[in-house]
Amino acid sequence: MERTTQVIGESGTFMAALERASRAAALDRPVLVIGERGTGKELVAERLHRLSPRWDQPLVIMNCAALPETLIEAELFGHEAGAFTGATKARTGRFEEADGGTLFLDELGTLSMAAQDRLLRAVEYGEITRIGSSRPMRVDVRIVAATNEHLPDKVDRHEFRADLLDRLSFEVVTLPPLRARAGDVVVLAEHFGRRMASELGRERWEGFGPAAMDALVAYRWPGNVRELRNVVERAVYRWEQTGPIDAIEIDPFQSPHRPGAATAPKPPAVAASRPAETDDGEDPVVACEEGPSDFKSRVSRFERDLLARALAEHRFNQRATADALGLSYDQLRHALKRHDLLNAGVKRSSPGRGWHRL
């Protein structure tokens, strides 16, 4: 394998996945590689090809998500001149290019149902037909496909053909995410760091300091090996001191000046002994500090004080108070009843004479 395409790792889960891929490489059968982004699916596909009897034949790679749906079939199977608008001359497809070798279909789950129908025939009978042609041609191609989706779920949702999945999943190699590969973060970080130091022309590689290595090991790596490589290489080229690298920046977008970041200065702190005045010069409503200090009691006192103040401001007119507080009349009445304020502003004039407003 070339220096830039090495498969590196020593954890048990990763080695088990590589062993499964290596055993399947010698068989002329389709293989499906499953894994999260950045786990090395393309490297495993290359390994399957290099260890197979087709190692000296073409390895053709196609990312199914990189093309619009209208062009995928033409890309896979080719087309004749005049087959559609813009097809000024005939073009061979990826199947013809990979004849005798391996065709790696990345992001398989993004294929349209129409493309899946044509792919099924190519996999099952070894025949393809260029768009605009009525003459099928035979091709000898081994299919290796990759996806980061759970294809049986797509089958259940009628988004992927069950018979195509059956034919492509002779062997399924599931690559573990980096967070499940115990010890491999250290191994990979050393590899990428040493390689970057050599690329920069540095005479010595002094490794990572304890703080940097702790940060690398503690992170969850949602982007897996690809993300780790970027972080390590960035740390190496930014480090301009002597000695082990001991500064790691996981998120290169982290900045107080990034778009959308809160840049407005915070208002100065207000002394607790003297509440600040509001813009209109009135003191804000604050919770009374007397009595029990637990949360529920303080909230209840605050709410009662707020209601009492609002009632007084609106001369105990409950409808006007409700409007001012943004409450319905019934909501206000319920709150007043809960705080024994329902008859606030009302007094009995004399025995037997009833109530009237103050």
Side-chain angles (χ1 to χ4, degrees), residues 1-18 33-47 61 63 65-66 106-107 110 146-149 174-269:
M1 303 287 285
E2 296 179 2
R3 182 176 67 88
T4 57
T5 58
Q6 292 177 332
V7 181
I8 297 170
E10 58 184 30
S11 66
T13 54
F14 184 64
M15 295 304 294
L18 281 187
V33 184
I34 311 291
E36 297 178 5
R37 62 185 176 92
T39 50
K41 296 186 290 295
E42 186 171 331
L43 295 182
V44 172
E46 183 176 345
R47 184 182 186 87
I61 298 172
N63 187 335
D106 199 7
E107 302 291 349
T110 63
T147 181
N148 59 4
E149 301 181 80
T174 302
L175 298 178
L178 188 54
R179 60 184 174 276
R181 294 168 54 177
D184 279 357
V185 170
V186 176
V187 174
L188 288 162
E190 283 290 327
H191 169 75
F192 293 135
R194 189 181 301 276
R195 192 175 70 180
M196 187 64 180
S198 175
E199 183 178 333
L200 294 172
R202 298 181 183 174
E203 296 181 358
R204 295 184 58 191
W205 166 245
E206 300 190 61
F208 292 95
M213 190 56 74
D214 288 347
L216 292 172
V217 172
Y219 187 57
R220 296 283 291 171
W221 300 111
N224 293 290
V225 179
R226 187 182 296 118
E227 183 183 14
L228 173 64
R229 183 185 65 205
N230 286 339
V231 169
V232 168
E233 291 181 349
R234 182 167 57 245
V236 173
Y237 104 84
R238 286 182 177 179
W239 189 255
E240 298 180 350
Q241 307 175 33
T242 59
I245 296 171
D246 218 19
I248 291 292
E249 182 184 63
I250 299 291
D251 182 5
F253 297 97
Q254 185 65 38
S255 169
H257 310 297
R258 69 186 186 276
T263 56
K266 294 182 179 180

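The structure displayed is predicted, hence computed values, not measured ones. All values below were derived from every heavy atom in this structure, side-chain atoms included, with hydrogens, water molecules and symmetry-related copies excluded.
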What's the spacing between [X] [atom1] and [Y] [atom2] if we round to 0.5 Å?
X      : Y      : atom1 : atom2 : value
Asn230 : Ile250 : CG    : CD1   : 11.0 Å
Glu227 : Arg220 : CD    : CZ    : 12.0 Å
Asn63  : Asp106 : CG    : CG    : 5.0 Å
Thr39  : Trp221 : OG1   : CH2   : 15.0 Å
Thr110 : Glu149 : OG1   : CD    : 7.5 Å
Arg194 : Arg204 : CZ    : CZ    : 11.0 Å

State, to 0.1 Å, how close [X] and [Y] come at their nearest heavy-atom pair, and which atoms those are.
X      : Y      : result
Arg195 : Glu233 : NH2-OE2, 3.5 Å
Leu216 : Ala189 : CD1-CB, 4.0 Å
Val186 : Met213 : CG2-SD, 4.0 Å
Asp246 : Pro210 : OD1-N, 3.7 Å
Pro177 : Glu36  : CB-OE1, 3.7 Å
Trp205 : Ala197 : CE3-CB, 3.8 Å

Do [X] and [Y] make a side-chain contact, defined as non-hydrogen atoms from C-beta onward lying under 4.5 Å apart?
X      : Y      : value
Tyr219 : Ile248 : no
Arg181 : Leu178 : yes
Arg179 : Pro222 : no
Leu175 : Asn224 : no
Arg258 : Phe253 : no

Item to check | Derivation of the side-chain contact (heavy atoms from CB on, under 4.5 Å) call for Asn148 and Glu107 | outcome: CA-CA 7 Å; Asn148 59 4; Glu107 302 291 349; 4.0 Å; yes
Next on the checklist: One pair to check against side-chain contact (heavy atoms from CB on, under 4.5 Å): Met196 and Arg202. What are the steps and the verdict?
Outcome noted: CA-CA 9 Å; Met196 187 64 180; Arg202 298 181 183 174; over 6 Å; no
Item to check | Ser11 and Asp184: CA distance, side-chain angles, deciding distance, side-chain hydrogen bond (donor to acceptor under 3.5 Å, both in side chains) verdict | outcome: CA-CA 6 Å; Ser11 66; Asp184 279 357; 3.0 Å; yes
Next on the checklist: Would Val44 and Lys41 count as a side-chain contact (heavy atoms from CB on, under 4.5 Å) here? Give the steps.
Outcome noted: CA-CA 5 Å; Val44 172; Lys41 296 186 290 295; 5.8 Å; no
Checklist entry - Would Val225 and Phe192 count as a side-chain contact (heavy atoms from CB on, under 4.5 Å) if you check the C-alpha gap in whole Å, the side-chain angles of each, and the deciding distance to 0.1 Å? => result CA-CA 10 Å; Val225 179; Phe192 293 135; 3.8 Å; yes
Next on the checklist: If we ignore hydrogens and angles and just use 3.5 Å, is the side chain of Arg234 paired with the main-chain N or O of Glu249 as donor and acceptor?
Outcome noted: yes
